[in-house]
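Comments concern the structure below.
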Amino acid sequence: MMQTSGRGRVLRKALLDSLSLPAFILLSTMMGFGSLARSTGFAPEMAALATAFIWGLPGQLAMVELTATGQGVIAIVFACSLANARFFPMVVSFIPAMSRERSGFAALVLYAQLLSINSWAMCLKQFPHIDPAYRRLYYVAFALTILGAAVAGTLLGYHVSAVLPRPLVLGLIFLSPLFFALVLSAVSGACERASLLLGCAVVPVAHQFFPAVDLLFTGLVGGSAGFLLGRVPRIGRILS
Amino acid sequence: MTTETLWIIVLGCSAATFAWRLLGVAVVRKINPEGAIFKWITCVSYAMVAGLVFRMLMMPESELASVSLPIRIGAVAIAFAAYFLFSRRLVAGVLAGGLSLSALVHWLS
């Protein structure tokens, strides 16, 4: 397979790949967050900072929604933390897939902080087409570009989204989960595909019985079952 | 709430999310990427992300909750159809799905 190599080419590919669709998706998604943050009483710089530093929409939504209902600070921070717990397994699965070389602690912290579902899914998809020596450069450039678009979208949504017609706003909110669904449908590997399907199957049940920790429960049960099922040769053949 | 409280909430939520990322860094330095534990954690992350996406599309708590389930399912089906019809172009799927949701909401509700 031809792999993109060289600083300039890899940077250009990162920019093209991020600006082609993911940056637009984040811009529109974070417009929704920006308008929600405004109606909850957050200042624009608070909303922008929340996007840049929390950098995980489910946690950001938990933050504004619980603030709107007047919960205490500890409860809000705790709910945001639970909603973003996926970053723990995402960081563990992402970094070795990006590079097997040892990175320093500071670099690892930077990679972990820049990770989002968008960069996680898109970079895992693109890495086979990129020279391993340049994957970290590709990832950082990709992640910073979409982070910039997300902060811009937050501020844009904060100031203008009230004037957009409702069907259009709904369509824009819909783009982000739709995009992830399409990207994930292309994931390969029997264990991975089994885990994706089981995650969808488990989450309605988890949400019904353990709404506060539904995603943690889904990850542990669906992921463990997918891990085991994907290793059964007959099932593995059907899935891959 | 006061401005100070809102700032504390934003910074507290940032720190709380960062804690999970930091935990990931601590584990990734210790783990063998060829081993079964790594594979298992990868599967857990896939299941969590799939569950999150499924929940956002099918059981939304955002404004999307005001869109009826058949419209959401229809828009997802149209998105996948367009995606495969246009030889797996993400842009085609995302545009078709987003536009059809907007159009269905506009005409049907």
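Given the structure is predicted, the values throughout are model-derived calculations rather than measurements.
- Residues B:Phe54 and A:Pro204 have side chains in contact (heavy-atom distance under 4.5 Å, counting atoms from C-beta outward).
- Only the side chain of B:Leu22 comes within less than 4.5 Å of a heavy atom of chain A; its backbone N, CA, C and O stay farther away.
- Atom CG of A:Leu170 is separated from atom NE2 of B:His106 by 12.5 Å, given to the nearest 0.5 angstrom.
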One pair to check against side chain to side chain contact (heavy atoms under 4.5 Å, CB included): B:Trp7 and A:Leu49. What are the steps and the verdict? CA-CA 10 Å; B:Trp7 271 118; A:Leu49 221 84; 3.7 Å; yes
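- Across every non-hydrogen atom of A:Val77 and B:Ile9, the tightest pair is CG2-O, 4.4 Å.
- At a threshold of 4.5 Å between non-hydrogen side-chain atoms, the residues A:Ser195 and B:Thr42 do not count as touching.
- Nearest heavy atoms, A:Gly104 versus B:Arg29: C-NH1, 4.5 Å.
- Checked against the 6.0 Å centroid threshold, B:Phe18 and A:Trp55 do not count as a close aromatic pair.
- Both the backbone and the side chain of B:Phe80 come within contact range of chain A, judged by heavy atoms closer than 4.5 Å.
- Between B:Ala50 and A:Leu196, the shortest heavy-atom contact is CB-O, 3.3 Å.
- With A:Arg86 contributing its side chain and B:Val49 its backbone, the two residues share no donor-acceptor pair below 3.5 Å.
- Of the inter-residue distances, the one linking A:Arg193 atom CZ with B:Cys43 atom SG reads 13.0 Å to the nearest 0.5 angstrom.
- Heavy atoms closer than 4.5 Å to chain B are found in both the backbone and the side chain of A:Val109.
- Interface summary for chain B: among A:Leu82, A:Leu66, A:Val187, the most heavy-atom pairs under 4.5 angstrom belong to A:Val187.
- Interface check for chain B: of the options A:Thr40, A:Val91, A:Leu182, A:Leu178, the most heavy-atom pairs under 4.5 Å are formed by A:Leu182.
- Annotation: maximal heavy-atom pairing with chain A below 4.5 Å, among B:Ser100, B:Gly24, B:Cys13, occurs at B:Cys13.
- More than 12 heavy atoms of other residues, nucleotides or ligands sit less than 6.0 Å from atom CG of B:Leu108.
- Contacts between A:Ile25 and chain B at a heavy-atom distance below 4.5 Å involve the side chain alone, from C-beta outward.
- Taking CG of B:Leu90 as the start and CZ of A:Phe180 as the end, the distance is 11.5 Å to the nearest 0.5 Å.
- Proximity to chain B (any heavy atom under 4.5 Å) is restricted, for A:Leu124, to the side chain, taken from C-beta onward.
- The contact between A:Ala181 and chain B is made by backbone and side chain atoms together, counting heavy-atom distances below 4.5 Å.
- By the neighbour-count criterion of 12 heavy atoms within 6.0 Å, atom CD of A:Glu65 is densely surrounded, having more than that number from other residues, nucleotides or ligands.
- In terms of heavy-atom proximity, A:Met90 sits nearest to B:Ser45 at N-CB, 3.9 Å.
- The CG atom of A:Asp214 lies 9.0 Å from the CE atom of B:Met48; values are rounded to the nearest 0.5 Å.
- Among the candidates B:Gly51, B:Ala16, B:Ala79, the residue making the largest number of heavy-atom pairs closer than 4.5 Å to chain A is B:Gly51.
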Please step through side chain to side chain contact (heavy atoms under 4.5 Å, CB included) for the pair A:Phe174 and B:Val94, ending with a clear verdict. CA-CA 9 Å; A:Phe174 197 59; B:Val94 166; over 6 Å; no
Evaluate the criterion side chain to side chain contact (heavy atoms under 4.5 Å, CB included) for residue pair B:Thr3 and A:Met46; output intermediate values, then yes/no. CA-CA 10 Å; B:Thr3 309; A:Met46 294 175 187; 3.6 Å; yes
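- With chain A as the partner, the residue from B:Leu95, B:Val67, B:Leu101 showing the most heavy-atom pairs under 4.5 Å is B:Leu101.
- Heavy-atom distances place the side chain of A:Ile117, and not its backbone, under 4.5 Å from chain B.
- Distance CZ/A:Phe88 to CD1/B:Ile41: 5.0 Å, rounded to 0.5 Å.
- Ranked by heavy-atom pairs shorter than 4.5 Å toward chain B, the options A:Ser224, A:Gly226, A:Ala121 are led by A:Ser224.
- Between A:Phe227 and B:Ala36 the shortest heavy-atom distance is CE1-O, 3.6 Å.
- In terms of non-hydrogen atom pairs under 4.5 Å with chain A, the most contact-rich of B:Gly98, B:Pro33, B:Ala15, B:Gly12 is B:Pro33.
- Between A:Ala112 and B:Arg21, the closest heavy-atom pair is O-NH1, 2.7 Å.
- Heavy atoms of other residues, nucleotides or ligands lying less than 6.0 angstrom from CZ of B:Phe38 number more than 12.
- Taking B:Gly93, B:Ser102, B:Ala103, B:Ala19 one by one and counting their heavy-atom pairs under 4.5 Å with chain A, the maximum is reached by B:Ser102.
- One finds the SG atom of A:Cys191 at 11.5 Å from the OH atom of B:Tyr46 (value rounded to the nearest 0.5 Å).
- Your options are A:Ser185, A:Ala43, A:Gly56, and the one with the most heavy-atom pairs under 4.5 Å with chain B is A:Ser185.
- Summarising the local packing, CZ of A:Phe127 is surrounded by more than 12 heavy atoms from other residues, nucleotides or ligands at distances under 6.0 Å.
- With chain B as the partner, the residue from A:Phe105, A:Phe217, A:Phe179, A:Tyr111 showing the most heavy-atom pairs under 4.5 Å is A:Phe105.
- In this model, no donor atom of one side chain and acceptor atom of the other lie less than 3.5 Å apart for A:Thr218 and B:Arg55.
- Looking at A:Leu228, there are no atoms closer than 4.5 Å to chain B (heavy atoms on both sides), in backbone or side chain.
- Around the CD1 atom of A:Ile74, the shell of radius 6.0 Å holds no more than 12 heavy atoms that belong to other residues, nucleotides or ligands.
- With a 4.5 Å cut-off on non-hydrogen atoms, A:Ala62 does not touch chain B at all.
- Identified by a heavy-atom distance below 4.5 Å to chain B, the contributing residues of residues 94-101 of chain A are A:Ile95, A:Pro96, A:Arg100, in residue-number order.
- The greatest number of non-hydrogen atom pairs below 4.5 Å with chain B, out of A:Val64, A:Leu61, A:Thr67, is found for A:Thr67.
- Both the backbone and the side chain of A:Glu45 come within less than 4.5 Å of a heavy atom of chain B.
- Top candidate by heavy-atom pairs under 4.5 Å with chain A, chosen from B:Met58, B:Glu34, B:Arg88, is B:Glu34.
- Heavy-atom neighbours of B:Phe84 CZ from other residues, nucleotides or ligands within 6.0 Å: above the threshold of 12.
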